[in-house]
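Have a look at the structure below before the remarks.
Position 1 is the first residue of the sequence; numbering continues from there. These figures come from a predicted structure and were not determined experimentally.
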Amino acid sequence: MTSQQEPSLSAATAGTFLIGGDMPVARLGFGSMQFPGRNAFGPPRDADGARAVLRRAVDLGVTLIDTADAYGPGVSERLIGEALHPYRRDVVIATKGGFVRGRRGEWVVDGRPEHLHQAVRDSLTRLQLERIDLYQLHRIDSQVPLEDQMGALRDMQEAGLVRHVGLSEVTASELRAAQHVVPIVTVQNLFNLVERSSEDLVRYTAEHGIGFIPWFPLATGGLTRGSGALGALAQHKGVTASQIALAWLLQHSPNVLPIPGTSSVAHLEENVAAGSVVLSPEEKAMLDRAA
């Protein structure tokens with residue numbers, strides 16, 4: 001496919017966002033959930049390939065690397081540490097805790113303060129870090145008072161183990177409640193061109209200078225196939241459907257930080273090139289209506 005606008009292979013073309021007022025990142029980041037086995041459980045399918053993708057991402061100017069202790073568990077964090085340590089000064093590592101894996105790979109919420117304290121220390125070891133740039137509560141545990149969960153993260157921030165605190169899969173009311181305990185600098189919720197149930201949270205976070213990290217920004221590959229209006233627009237502009245979907249996220253709100261993940265260098269480069277794809281107001285409105 002020949003492009004009418006030659007994509008620039010630099011994540012910097014997507015612009016930057018200042019997380020927490022002191023941590024600049026390129027708005028187009030990278031998510032590491034695909035490195036372990038199926039459903040992010042089990043050993044890596046290609047450890048050498050994963051490390052190559054991570055190094056290429058940094059070479060392309062990606063500065064926000066997102067992971068979680070539950071991916072593997074421990075697999076993605078360990079690969080990141082192996083591939084990128086010693087880290088470039090501009091690279092921000094964001095990990096998550098409070099969502100563990102059972103023996104069969106089932107997801108189990110665990111927000112007990114003692115678990116979170118240990119989870120942070122384990123992540124530091126695997127990532128080969130002395131401080132985690134952004135630590136996100138992976139899920140709120142309904143069996144543990146929210147103040148206790150956020151208090152544990154506040155304590156670790158005060159101890160210098162965590163720089164900034166974020167949340168994952170929360171409502172606006174949960175975000176406001178958490179903010180009474182510790183400053184929240186990012187929210188990570190499911191959000192993409194066709195899944196917009198967190199639209200109110202995108203607006204709220206934008207108004208309050210909080211980064212919004214949409215997970216599954218390509219709908220687990222559903223937005224890469226290029227059918228309907230998405231495919232027609234991609235063909236018209238000479239780019240791929242996934243690049244259009246990522247460009248839509250980047251232009252939807254200036255605080256949106258997509259983290260498309262892949263285990264392929266070629267797909268990584270395609271995703272990074274999406275930062276140079278510009279949608280006209282009419283094209284974006286058309287996608288809004290179609291979705």
Side-chain angles (χ1 to χ4, degrees), residues 1-17 25-35 49-50 52-66 94 188-196 198-199 202 206 211-291:
M1 180 179 295
T2 59
S3 175
Q4 296 173 2
Q5 47 180 106
E6 185 64 24
S8 172
L9 277 184
S10 171
T13 59
T16 61
F17 181 81
V25 296
R27 290 184 58 209
L28 198 54
F30 179 83
S32 65
M33 189 177 183
Q34 293 191 29
F35 289 154
V53 167
L54 286 162
R55 293 182 184 117
R56 180 59 175 154
V58 171
D59 287 344
L60 292 173
V62 173
T63 54
L64 176 60
I65 308 291
D66 182 80
Q188 185 168 158
N189 274 30
L190 174 62
F191 189 76
N192 54 54
L193 180 61
V194 295
E195 170 49 70
R196 305 195 201 171
S198 289
E199 188 72 71
V202 175
F212 185 92
I213 304 173
W215 59 271
F216 283 173
L218 296 175
T220 326
L223 293 172
T224 65
R225 291 188 278 274
S227 58
L230 178 63
L233 181 58
Q235 185 173 16
H236 171 72
K237 296 182 77 67
V239 296
T240 65
S242 59
Q243 288 173 327
I244 294 290
L246 290 171
W248 179 88
L249 281 170
L250 289 166
Q251 293 180 223
H252 190 65
S253 181
N255 68 320
V256 171
L257 313 172
I259 49 168
T262 179
S263 56
S264 159
V265 169
H267 288 160
L268 165 70
E269 293 176 349
E270 179 182 321
N271 291 339
V272 169
S276 64
V277 176
V278 178
L279 303 176
S280 70
E282 295 76 17
E283 289 168 341
K284 186 175 182 302
M286 181 271 292
L287 290 173
D288 289 341
R289 292 191 301 271

* Structure fact -> In this structure, CG of Asn255 is separated from CZ of Arg27 (nearest 0.5 Å) by 7.5 Å
* **Distance in Å, Leu54 CG paired with Phe35 CZ, rounded so as to fall on 0.5 Å steps** => 4.0 Å
* Structure fact -> For Ser264, the side-chain hydrogen bond (donor to acceptor under 3.5 Å, both in side chains) test, sequence neighbours excluded, returns none
* In sequence, state the C-alpha distance, the side-chain angles, and the governing distance for Leu218 and Asn271, and then conclude on side-chain contact (heavy atoms from CB on, under 4.5 Å). => CA-CA 10 Å; Leu218 296 175; Asn271 291 339; 4.1 Å; yes
* Ser198: partners by side-chain hydrogen bond (donor to acceptor under 3.5 Å, both in side chains), with sequence neighbours left out -> Asn189
* Asked: Sequence neighbours excluded, which residues qualify as side chain to side chain contact (heavy atoms under 4.5 Å, CB included) partners of Arg196?
  -> Phe191, Leu193, Glu199, Trp248, Asp288, Ala291
* Structure fact -> Separation between CD (Glu195) and CZ (Phe216), nearest 0.5 Å, reads 11.5 Å
* To do: Any salt bridge (charged side-chain N to carboxylate O under 4.0 Å, His left out) involving residues 265-279? Give me the pairs, sequence neighbours left out, ordered by first then second residue.
  => Arg56-Glu269
* To do: Could you grab the distance from atom CD1 of Ile213 to atom CG of Leu249, nearest 0.5 Å is fine?
  => 12.5 Å
* Hey, could you give me the NZ/CG distance between Lys237 and Leu279, rounded to the nearest 0.5 Å? => 6.0 Å
* Structure fact -> So the salt bridge (charged side-chain N to carboxylate O under 4.0 Å, His left out) pairs with at least one residue in residues 240-249 (sequence neighbours excluded) are none
* Gap between atom OG1 of Thr16 and atom CG of Leu28 - 0.5 Å precision -> 12.5 Å
* To do: Kindly indicate whether the side chain of Phe30, heavy atoms from C-beta on, has any atom under 4.5 Å from the side chain of Ile259.
  => no
* Go through the structure and list residues passing side-chain hydrogen bond (donor to acceptor under 3.5 Å, both in side chains) with Asp66, not counting sequence neighbours. => Lys96, Gln136, Gln188
* So, for Ala241 and Leu230, which heavy atoms are closest and what is the spacing to 0.1 Å? -> O-CD1, 3.7 Å
* Asked: Between Pro258 and Leu246, which heavy-atom pair has the shortest distance, and what is it?
  -> CB-CD2, 4.1 Å
